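Since this is a predicted model, take the numbers as computed values, not measurements.
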Amino acid sequence: MDWKKTIKFKIGSEDWEMPLNVLLLLGAITIGLMGVGLWMGFQFGTR
């Protein structure tokens, strides 16, 4: 698999280009932060 392949996408009227490895890294960080927020919210709610 070519991890350096450029992925092109559009958000609104702006065109974006990003390497696949950076896009996957940003996705993993986003999912990780969502998981930590879910866990912290659950911990706060049970106290």
For [X], give me all partners under side-chain contact (heavy atoms from CB on, under 4.5 Å), at least two apart in sequence or on another chain.
X   : result
F9  : I7, I11, W16, M18, L23
W39 : Q43
D15 : K10
M40 : V36

Transitive ILVMFWY cluster of F42, excluding itself - 4.5 Å side-chain cut-off =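 F42 shares its hydrophobic cluster with no other residue.
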
Tracing side-chain links under 4.5 Å among I, L, V, M, F, W and Y, which residues wind up in one group with L25?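 I29, L33, listed by chain and number.
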
Practice prompt. Carefully, step by step, assess M1 and W3 under the rule side chain to side chain contact (heavy atoms under 4.5 Å, CB included).
Written response: CA-CA 6 Å; M1 183 173 218; W3 295 103; 4.0 Å; yes

Would you check if L20 and K4 make a side-chain contact, meaning some heavy-atom pair closer than 4.5 Å? no

When rounded to the nearest 0.5 Å, the distance separating CD1 of I31 from CG of L38 is 11.5 Å

